[in-house]
Amino acid sequence: MITMKTVLATSVATLALSGVAAAENWDMPVAYPANNYHTENAQIFVDAVRECTNGELDITIHAGGSLFKGDEIKRAVQVGEAQIGERLLSAHANENAVFGYDSVPFLATSFEASDALRDAARPTLNALLNDQNMTLLYSVPWPPQGLYFAKEVNSLADAEGLKFRAYNAATARVAELGGMVPTQIEAAELKQALATGVVEAFISSGSTGVDEKVWEDLTNFYDAKAWLPRNTVFVNSDAYDSLPAESQECLMSNAAEAEARGSAKAAELSGEFVKTLADNGLVVSEPGEALSADLAAIGETMTAEWLEEAGDAGSAIVDAYQQ
């Protein structure tokens with residue numbers, strides 16, 4: 001008697017004998033909403049990979065921290081619980097200072113400078129990820145970072161004691177040097193933290209302000225252009241190595257396209273985000289003279305600290321960037 005189990009077993013055996021590989025189905029956790037431009041860019045990337053591999057590599061995006069929370073994504077990919085993921089690597093600078101290369105205040109303050117810094121850091125960053133069983137695919141910047149407050153701030157003395165949302169070591173250090181109280185909050189939890197007063201200030205891009213409708217909870221945005229943090233997409237090296245060479249090439253070529261496309265989209269949207277903040281009632285302005293001086297002093301301190309913590313690897317990145 002021929003059963004369905006027999007038919008399935010025969011089909012699998014036939015595929016194996018014919019040399020036809022089963023399609024790979026990968027999970028890609030990301031921390032940001034499906035309508036965020038980083039996630040939209042990643043969706044274009046995975047669709048292109050699926051087409052390029054004729055469906056042999058099918059990647060499913062899990063947006064908004066739905067599969068793994070932001071601070072869980074890197075480890076999930078590292079140990080193979082997910083095959084690919086996107087993470088703000090600067091959030092792991094406490095683990096290794098090199099991960100914070102993109103969040104050194106006032107080192108790279110434009111999209112062009114951010115891309116140059118990315119290129120300078122790529123060999124060092126990829127070697128670090130390789131040591132942790134991961135392979136770098138691409139990274140995309142956020143728009144320049146500005147300061148959000150629940151009140152007018154003319155100097156950091158006005159912000160003393162405010163509860164400041166930190167998303168990595170750099171932002172926590174900004175809070176400390178500015179006399180504020182750092183509070184670790186992931187992106188998916190920010191809106192609730194603002195609404196309940198757990199957070200009264202933070203530094204981020206115009207994109208985050210629009211995503212979280214911060215005008216409902218805060219009053220002022222100072223366009224400080226402090227740095228351009230980058231979201232990085234990486235793959236578990238074992239999963240990558242198991243792919244056929246043709247699929248590896250599809251993954252890498254489409255990663256390069258995603259990097260260029262995402263950077264261009266971030267630059268295009270940057271001004272629109274700031275305009276949206278103003279259109280919805282947030283007071284948008286450049287930092288005044290006293291606040292600018294305070295921020296510059298913080299930048300000098302944090303640059304020196306980062307170079308000391310990152311050691312020779314950090315110096316190599318900065319040297320390559322400044323050449």
Donor-acceptor check, side chain of [X] to backbone of [Y], threshold 3.5 angstrom: yes or no?
{"X": "Asp102", "Y": "Arg230", "value": "yes"}
{"X": "Glu152", "Y": "Asn220", "value": "no"}
{"X": "Ser270", "Y": "Pro143", "value": "no"}
{"X": "Asp238", "Y": "Ser242", "value": "no"}
{"X": "Ser292", "Y": "Gly288", "value": "yes"}
{"X": "Asp27", "Y": "Ala82", "value": "no"}
{"X": "Lys163", "Y": "Ala201", "value": "no"}
{"X": "Asn41", "Y": "Ala258", "value": "yes"}
{"X": "Asp158", "Y": "Asn154", "value": "yes"}
{"X": "Glu72", "Y": "Lys69", "value": "yes"}

Would you compute the distance between atom [atom1] of [X] and atom [atom2] of [Y] and round it to the nearest 0.5 angstrom?
{"X": "Glu212", "Y": "Ser207", "atom1": "CD", "atom2": "OG", "answer": "9.0 Å"}
{"X": "Glu289", "Y": "Leu291", "atom1": "CD", "atom2": "CG", "answer": "11.0 Å"}
{"X": "Leu228", "Y": "Ser110", "atom1": "CG", "atom2": "OG", "answer": "7.0 Å"}
{"X": "Thr232", "Y": "His38", "atom1": "OG1", "atom2": "NE2", "answer": "10.0 Å"}
{"X": "Thr60", "Y": "Asn25", "atom1": "OG1", "atom2": "CG", "answer": "6.5 Å"}
{"X": "Leu194", "Y": "Asp217", "atom1": "CG", "atom2": "CG", "answer": "5.0 Å"}

Are the side chains of [X] and [Y] in touch, meaning some heavy atoms are under 4.5 Å apart?
{"X": "Val153", "Y": "Tyr148", "value": "no"}
{"X": "Val283", "Y": "Thr219", "value": "no"}
{"X": "Trp26", "Y": "Leu57", "value": "yes"}
{"X": "Gln83", "Y": "Val77", "value": "no"}
{"X": "Arg87", "Y": "Phe234", "value": "yes"}
{"X": "Thr109", "Y": "Trp227", "value": "no"}
{"X": "Val233", "Y": "Met28", "value": "yes"}
{"X": "Phe106", "Y": "Leu295", "value": "yes"}

Would you call [X]-[Y] a salt bridge at under 4.0 Å N-O?
{"X": "Glu56", "Y": "Arg50", "result": "no"}
{"X": "Glu305", "Y": "Arg173", "result": "yes"}
{"X": "Glu259", "Y": "Arg118", "result": "yes"}
{"X": "Lys275", "Y": "Glu272", "result": "no"}
{"X": "Glu216", "Y": "Lys191", "result": "yes"}

Would you indicate whether [X], at its atom [atom1], is surrounded by more than 12 heavy atoms from other residues, nucleotides or ligands within a distance under 6.0 Å?
{"X": "Gln322", "atom1": "CD", "value": "yes"}
{"X": "Glu51", "atom1": "CD", "value": "no"}
{"X": "Glu160", "atom1": "CD", "value": "no"}
{"X": "Arg261", "atom1": "CZ", "value": "yes"}
{"X": "Glu308", "atom1": "CD", "value": "no"}

Determine whether [X] and [Y] fall in the same hydrophobic cluster, where Ile, Leu, Val, Met, Phe, Trp and Tyr are linked whenever their side-chain heavy atoms lie under 4.5 Å apart.
{"X": "Ile317", "Y": "Leu129", "answer": "yes"}
{"X": "Leu137", "Y": "Val46", "answer": "yes"}
{"X": "Val104", "Y": "Ile203", "answer": "no"}
{"X": "Ile73", "Y": "Tyr138", "answer": "no"}
{"X": "Val235", "Y": "Phe99", "answer": "no"}

Handout entry: Matching residue for Phe164 among Val199, Leu147, Ile185 - test: side-chain contact (heavy atoms from CB on, under 4.5 Å)
Key =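 Going through Val199, Leu147, Ile185 one by one, the side-chain contact (heavy atoms from CB on, under 4.5 Å) with Phe164 is satisfied by Leu147 alone.
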Provide the closest heavy-atom pair for [X] versus [Y] in the form atom of the first, atom of the second, distance.
{"X": "Ala31", "Y": "Gly70", "value": "CB-CA, 3.9 Å"}
{"X": "Ser247", "Y": "Leu243", "value": "CB-CB, 4.1 Å"}
{"X": "Tyr321", "Y": "Ala120", "value": "N-CB, 3.5 Å"}
{"X": "Ser204", "Y": "Gln145", "value": "CA-OE1, 3.1 Å"}
{"X": "Phe111", "Y": "Ser263", "value": "CD2-O, 4.4 Å"}
{"X": "Met302", "Y": "Ala170", "value": "CE-O, 3.3 Å"}

Handout entry: Counterpart residues, side-chain contact (heavy atoms from CB on, under 4.5 Å), relative to Thr39 (two or more places apart)
Key =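 Applying side-chain contact (heavy atoms from CB on, under 4.5 Å) to Thr39 gives Val30, Tyr32, Asn36, Ile61, Ala63.
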Handout entry: Verdict with supporting geometry, Phe68 and Arg75, side chain to side chain contact (heavy atoms under 4.5 Å, CB included)
Key = CA-CA 10 Å; Phe68 293 100; Arg75 176 166 174 76; over 6 Å; no
[Y] versus [X], side-chain donor and acceptor atoms under 3.5 Å:
{"X": "Ser237", "Y": "Thr135", "value": "yes"}
{"X": "Ser315", "Y": "Asp312", "value": "no"}
{"X": "Asp319", "Y": "Gln323", "value": "no"}
{"X": "Thr171", "Y": "Arg165", "value": "no"}

Handout entry: Worked check of side chain to side chain contact (heavy atoms under 4.5 Å, CB included) between Thr276 and Trp215
Key = CA-CA 10 Å; Thr276 299; Trp215 50 83; 4.2 Å; yes
Problem - Centroid-centroid distance, Phe202 to Phe149, less than 6.0 Å - result: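 No, they do not, as the ring centres are separated by 6.0 Å or more.
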Handout entry: Step-by-step side chain to side chain contact (heavy atoms under 4.5 Å, CB included) determination, Phe273 to Trp142
Key = CA-CA 11 Å; Phe273 288 137; Trp142 291 92; over 6 Å; no
Exercise for the section: Kindly determine whether Ile84 and Asn236 satisfy side chain to side chain contact (heavy atoms under 4.5 Å, CB included), including the steps that lead there. Expected result: CA-CA 6 Å; Ile84 183 173; Asn236 177 277; over 6 Å; no
Practice task
Please name the residue in the list His92, Glu86, Gln132 that meets the side-chain hydrogen bond (donor to acceptor under 3.5 Å, both in side chains) test with Lys74.
Solution key: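 So the option named by the test is Gln132.
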